[in-house]
Amino acid sequence: MTSGPLRLGTRRSSLATTQSQMVADGYTARTGRAVELVGVTTFGDVTKAHLAQLGGTGVFVSALRDRLLDGEIDLAVHSLKDLPTRQDPRFTLAAIPARHDHRDALVASRKFADLPAGARVGTGSPRRVAMLSALRPDLEYVAIRGNADTRIGKVASGELDAVVLASAGLHRLGRDAEIAQIFEVDELLPAPGQGALAVECRADRADLVAFLGVLDDPRTRSAVSAERALLAALEAGCAAPVGAFAADDGHTLNLTATVVAIDGREAVRKSAAGSPSEAVDLGRLLAAQMIAEGADRLMGEHSH
Ligand SMILES: NCc1[nH]cc(CCC(=O)O)c1CC(=O)O
């Protein structure tokens, strides 16, 4: 490995650069090695198309991977929930740092139950629309895109009454003060991998894979491995109405997942527990049980 600073590739959004800087600082604190951020523009950042129409997975990821392949950067930081579940053998998930908050949050001037009938709630996520519709079918769910600042701005301007965003992202951006409510997982199951980061490098950089391992949190890794194995086994992408959350207490891995019809009227929801060392098997097992109870039929009712 060359001796200059490590070059960390990041999307240019404020969320991406903030979380990339957190990873860079964590690495330097543990190893003393300098890390410099390299901004990369991805297709997902420039296109105006709706994410669900893009086929969802990978639009934020492939430009960063191209820079890894051409050697312009040494490592890339992604939001794990944006990473396709099928692992590309040219890359290694060298670290999955500790996840601090997996939940979704409501940005609004009042709590979800206190929104008036017909209130306009912005979210681009079919998962959030489906699950929130089950709780409040009397609200209007409006598809939105754009970065967190743009989305929050639609509440401040009065264009929308509320928006739903990942709590982790709002926290990293220092916008906690605007959170009216954090949804617990029994109300709104997060996307698989939500709130976790992925530190990726080329698989042929064995030196770097070993060094970056200092950033890894094994309990977060087992939890998100189960969530992502479930998502993969359901053959659903990041735009599908699938929620999953797993927690590893050091002995047991508990996984809960749901697939919801887009109108929120039907859902399959199940939990399973197993050994953290068998996280992938647990995710696959739960997916198979959910499919047996009709999960694939619910997903088939809208394109994914
Ligand atoms: N799909 C976009 C995306 N990818 C990661 C996050 C938030 C941060 C995270 O989950 O780590 C967001 C925005 C959101 O859902 O609010």
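Just follow the structure's listing: the first ligand is 1, and inside any ligand the first atom is 1.
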Below 4.0 angstrom, N of the basic side chain to O of the carboxylate: do [X] and [Y] qualify?
{"X": "Arg7", "Y": "Asp74", "value": "yes"}
{"X": "Lys81", "Y": "Glu227", "value": "no"}
{"X": "Arg175", "Y": "Asp149", "value": "yes"}

From [atom], work out which of [options] has a heavy atom at the shortest distance.
{"atom": "atom 3 (C) of ligand 1", "options": "Gln19, His78, Lys81", "value": "Lys81"}
{"atom": "atom 8 (C) of ligand 1", "options": "Arg172, Gln194, Arg151", "value": "Arg172"}
{"atom": "atom 7 (C) of ligand 1", "options": "Ala166, Ala196, Pro190, Gly193", "value": "Ala166"}

Using a 4.0 Å cutoff against the non-hydrogen atoms of [X], which atoms of ligand 1 qualify?
{"X": "Leu165", "result": "16 (O)"}
{"X": "Arg128", "result": "14 (C), 15 (O), 16 (O)"}
{"X": "Gly195", "result": "9 (C), 10 (O), 11 (O)"}

Quiz: residues 252-259 side-chain donor-acceptor pairs under 3.5 angstrom, not counting sequence neighbours:
from, atom 1, to, atom 2, distance (Å)
Thr256, OG1, Ser271, OG, 2.8
Thr258, OG1, Val268, O, 2.9

Enter the distance from Gln181:CD to Leu106:CG here, rounded to the nearest 0.5 Å. 6.0 Å
